Structures are given as C-alpha cells and as structure tokens.
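Remember, it's a predicted structure, so these values are computed and weren't measured experimentally. All heavy atoms count here, side chains included; hydrogens, waters and symmetry mates do not.
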Amino acid sequence: MDLITKAPKGTQDLTPEKTRRWQIAEQVLIGEAELNGFGEIRTPAFEHTELFQRGMGDVTDVVEKQMYTFEDKGGRSVTLRPEGTAGAVRAMLENGLYNAGYPVKLYYNIPCYRYEKPQAGRMREFRTFGVEVFGAAEPIADAQMIAMAMSAFKRLGLEDVGLQLNSIGCPECRKEYHRALKEYFTGNRDKLCSTCLSRLDRNPMRILDCKNPECKELAKNAPVITDYLCGDCREHFNKVQEYLTALGIGFELDPGLVRGLDYYTRTVFEFPSGSLGFALGGGGRYDGLVEEMGGSPTPGLGFGLGMDRIMLALEEGKVEFPEEDRCEVYIAAMGDKAQVKALELVDRLHRCGIIADCDICGRGLKAQMKYAGKIGAKFSMVLGEDELSSGSAVLKDMSSGETRKVSIGDDFVDGYLTFSTAQEDLSF
RNA sequence: GUGGACGUAGCUUAGCUGGUCAAAGCGCCAGAUUGUGGCUCUGGAGACCGUGGGUUCGAAUCCCACCGCCCACCCCA
C-alpha cells in the first residue's frame, strides 16, 4: 500500500463508530473529575524541549530515547509532549492559576507522543486522561485522588482494576536510600551495563528498572526504599494507606514500584488491569516539581490514564455501550422541487432537535427508501409532485408499517410530533 | 532494543505438495410491470494476489531482501 494511504506507524484513526465509544468513556472520566471540582486545561501539543528534560528528568528512558524532538524554523528545539504533567505545571505557573487559591485542580484529555515500538496498548500517538492537583500536601489528597480514579473505573464498568502502591520518599530520606543503593551497586559494578554505570552517579534508582537481565538480577536483592523512609514520609505513607482502607479501597504494596519519571516523591501508584498485561495508568506525588520548574515550592500530585488502554479494557471486559442515536425521520424526494422542500422540512425538524435526513446523492426513490432502512430511520416520508400540490404527505412508521397523512405546510412539525409520539406510546 | 507470526477485492477469508487459481461470504451499485425500505432472486463494479529480485517452460503458491502490520519480552500511558 502507498505511503500516503497509510497512517504513520504507531498511530490510528478513530472512525465515527469508535469515536462514539471513546466519547462515552471520556465523558465518564470528565464527569468524575468535574464532580471533584477539577477544571479542564488545554496546553500545546509541543513545548520547549527543556521543559521535559527539566520536568521528567534527563536520565529517564522517555527523555533519553523516546521523545519526538525537532528544531523549528526559528532554530528552537521543541518536543511533542510525551506526557501531560510538565505542560500542566508550566501552564499553571505561566497563567498564575495559583492566584485563585489552593488547591488548583486541573484535568486534561490529550494526545501524547513517544517514539516506541507499537504493540497492544502502546502507540506512538496515544491519548492520556490526566489530573493534577497543586497546593495540597496532606495525605488525604493522595487518597482522594486515588479514590477518584477507582470510582471512575467502576463507573466505566471496569471491575477488575487493581491498585499498586508504594512510597519513594522525599529528597531527604532518598539521600539515605541513594547512598545505600550506590553502595550496593558499586560493589557489583562489574555486572552493570554501560547505561547503568552512568546512572550510578546521576540517578541510581533508575537502575532498578533497567531492562538488562544482569542489572535486573542485581536489582532483585537491592535495598528497598521503604526501609529508608524518614519519619515524615513514613507517616505520610501510613496515612494514605489508612485513608484508602477507610474508603474501602483495596491495594497492594509494591516496594519495587518506582515509576519511570524522576519528579515523583512519596506516594506512587499504578492501576494494573486484571485482564490485560499492562497498567491502565498510574501517577503519584511530585512535591518538588513546581519549584524545579521555577515556581515557588508547591506540593503537587496527579495521575495519567491511558485512554487507548481503557478502551481496550472495556472491549476485553465486553462492557456494553448505549446505542447510537439513530435517524428519526428520513424524507425521500423525487424531483428538484421536492428535494428543496425535503431539505427545508429536514431543517425545520433539526430546529426542534429531531435527527432527520434526506437524499444528497441523487438517488432514485427505491434507493432512498433502502438507505432510510439502512440508517435505521424510525419514520420515512415521500415527497413528489403530488405532495407538493396537495400540501400533505404520508408519514410511515418504518417498523410497524403504519402510515398517516401529515401536512407539509407550516404545521408540519406539529403534525409529525403528534404521529410519532402516538406511535411511540403504542410501542410501550 | 530482542524475539515470533502474518501481508490475496472496501471488510473477513479460501486457494499455498508450483501449471483454468484469481475464488467465497459480507458490503457497495443496479434490476425483478412504471412513486415506497427491511426478506428473496438476478446482474454489475471492485485485486497488477504488500514491493523488488531470484529459481522455473510456468509462481499468489518455492527462495532472498525490503516495506508494512500484529503480537510477546522490556518498559510505560
């Protein structure tokens, strides 16, 4: 197949039928966010490259090898966003959203881009539904955020989504942990891959999720972060667990859960799918990020959900979607004059919020009727010379076959409504 | 980055021990006594069998390369 007839690798088209289902799912998530007082923020699809390097950490896999980075015609290095948090933080600061008072609660539903080898649930262009909260340092915020996600999963009809939880501490207690990690890995430095050797000094935690088999083996016996949490972090983590339990939300502690981005502090979590081999999303707290990006010290936390993955999970779980709103009236017309009249009547129906349609392909009467049947029209009507001169036409109930004469004059819509609602009453 | 499968009409596929093999279903279009759909019947359009080489008298069918796509590992959303 020609290059131009094929979407680029790792991208997909959402056809109307698919898009309809996406919109329904998105609406559930948006609804959940708005119930919790979140407002939608829309930020650019590309940002200055430094934003992501600074925000996500330049030793991360994403920044090191998965970003779509290019120079624009003005010589600036820009990058298609690989995630939503960095842009949200930037926009929050740039627009002074904190001036309205804390907490600032934002959500977004955006396409993101990463250069990866595509497979199920992993696209180069993928959609993320994310939320961010700024200015809330208390563990209750962590619990509420997680509860919100779990509630959304439930409302979507996804019953088997899990929750994995960990705390990776604050910079203070992480210092201790880094020291211990460094000591451990330095003692085994001859077994580390070259990438990890460079990570050893800069960011030893990254070694824990290196893909190299030898590094993985080493990581198994490495010191565990939760043994090194400082008093405050330990208490924070305990409280989060306590609140979740009080809310009836089950979770699994996973000391190995580190997350792929550097900005996380304290609470981190993922939502593993029960039926698919990957997480539907994840997130955590990032108390140092806002300051790192030039703002004043501000706690923050958020999560991102992979919309593509949620859609896969809904499919896998055979979650049913409501039927599409079908065409209610189809007006078939014969001849130029009747066609114009049909268009006018259809327009009048539209003004009353009634889904109506007529032919625009120049088809014959029979083909038009066939089309009406195909699109599932509830009622049909035929317009020709006779109807135009008599001022009335026959409205037909497509499923029962019942017909009734209605005026096509000024009182057309009234007449239509009388007949159509009467028909619906019969069906009940 | 490593590994595995696949690539035939719009869609789903058959054909794959090489020689009427270019098919079927669905979809689409048009007809079945002239202005009424759904069922049935009939007909029609539509594929250089992913691309390029090679083996052969002859390849969709065997070999190689490339491209594409899907999946697993890894990681993440």
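Comparing the P positions of A45(B) and A23(B) gives an interatomic distance of 12 Å, to the nearest angstrom. Annotation: U17(B) and C63(B) have their P atoms spaced 11 Å apart (nearest Å). Separation of the C1' atoms belonging to G3(B) and C74(B) is 11 Å when rounded to the nearest angstrom. G25(B) and G44(B): their P atoms are spaced 13 Å apart (whole Å). Separation of the C1' atoms belonging to U40(B) and G58(B) is 44 Å when rounded to the nearest angstrom. Annotation: C21(B) and C29(B) have their P atoms spaced 32 Å apart (nearest Å). Separating the C1' atom of A60(B) from that of U56(B) is a span of 16 Å, rounded to the nearest Å. A22(B) and A59(B) have their C1' atoms separated by 13 Å, with the value rounded to a whole Å.
Side-chain contact between Q12(A) and D308(A): present, with at least one pair of heavy atoms (C-beta onward) separated by less than 4.5 Å.
Of the N and O atoms on the side chains of Y286(A) and E132(A), at least one donor lies less than 3.5 Å from an acceptor on the other residue. Under 3.5 Å, the side chains of D397(A) and S399(A) contain a donor-acceptor pair of N or O atoms. T128(A) and E83(A) are not linked by any side-chain donor-acceptor pair at a separation below 3.5 angstrom, with hydrogens and angles left out of the test. Inspection of the Y107(A) and E34(A) side chains reveals an N or O donor paired with an N or O acceptor under 3.5 Å. A side-chain donor-acceptor contact under 3.5 Å links E125(A) and Y113(A).
Among the heavy atoms of the strands, none lies under 4.0 Å from Q368(A). The residue A377(A) sits apart from the nucleic acid: no heavy atom pair falls under 4.0 Å. Note on G84(A): nothing from the nucleic acid sits closer than 4.0 angstrom, heavy atoms only. As judged by a 4.0 angstrom heavy-atom cut-off over every strand, K396(A) is placed among the base-contacting residues. Within 4.0 Å of R363(A), counting heavy atoms only, lie sugar-phosphate atoms of the nucleic acid but no base atom. Contacts of D386(A) with the nucleic acid, taken as non-hydrogen atoms under 4.0 Å apart, include base atoms. Residue M307(A) is classed as having no contact, given no heavy-atom separation below 4.0 Å to the nucleic acid. Counting non-hydrogen atoms under 4.0 angstrom, A372(A) reaches nothing in the nucleic acid. Using a 4.0 Å heavy-atom distance criterion, Y330(A) is classed as making no nucleic acid contact.
For A32(B), neither phosphate oxygen OP1 nor OP2 lies less than 4.0 angstrom from any side-chain nitrogen or oxygen of K366(A). In this model, the phosphate group of C69(B) is approached by a side-chain N or O of K9(A) to a distance below 4.0 Å at OP1 or OP2.
Where M334(A) and G306(A) each meet RNA chain B at their nearest nucleotide, the meeting point lying more 5' is that of M334(A). Annotation: of the two residues near RNA chain B, A279(A) and T11(A), the 5′-most nearest-nucleotide partner is T11(A).
For R122(A) against C74(B), a side-chain-to-base donor-acceptor contact under 3.5 Å is present. Put simply, the side chain of K117(A) and the base of U2(B) share a donor and an acceptor less than 3.5 Å apart. You'll find a donor-acceptor pair under 3.5 Å spanning the side chain of Q119(A) and the base of C73(B), going by distance alone. A donor-acceptor contact under 3.5 Å links the side chain of E116(A) to the base of A77(B). For E387(A) and G35(B), a side-chain-to-base donor-acceptor distance below 3.5 Å is present, hydrogens and geometry of angles not being considered.
Listed candidates were A30(B), U36(B), C28(B). Nearest to the side chain of K374(A) is C28(B).
Following rounding to the nearest Å, R124(A) (CZ) and G1(B) (C1') show an atom-to-atom distance of 13 Å. The interatomic distance linking L257(A) (CG) with C75(B) (P) rounds to 12 Å, in whole Å. Taking atom CG of L280(A) as the reference point, atom C1' of C76(B) lies 12 Å away to the nearest angstrom. Nucleotide G68(B) holds its P atom 10 Å from the NZ atom of K6(A), rounded to whole Å. At whole-Å resolution of the value, CD in Q66(A) and C1' in C74(B) are 11 Å apart. The distance from atom CG of D397(A) to atom P of U36(B) is 18 Å, rounded to the nearest whole Å. Rounding to whole angstrom units, CZ of residue R114(A) and P of C74(B) are separated by 18 Å. Between Y264(A) atom OH and C76(B) atom C1' the separation is 11 Å, expressed in whole Å.
F251(A) has its ring centre no less than 6.0 Å from the ring centre of F269(A). Aromatic ring centroids of Y228(A) and Y177(A) lie under 6.0 Å apart.
In this structure C48(B) sits in no base pair that meets the Watson-Crick or G-U test at under 3.5 Å. Across all strands shown, A24(B) forms a Watson-Crick or G-U wobble pair with U12(B), both key distances being under 3.5 Å. Pair assignment for G43(B): C29(B), on the basis of Watson-Crick or G-U wobble contacts that are both within less than 3.5 Å. Using N1 to N3 plus N6-O4 or O6-N4 for Watson-Crick, or N1-O2 and O6-N3 for G-U wobble, each under 3.5 Å, A77(B) pairs with nothing.
Once the 5.5 Å centre distance and the 30° plane angle are applied, the aromatic ring of F126(A) is found stacked with the base of A77(B).
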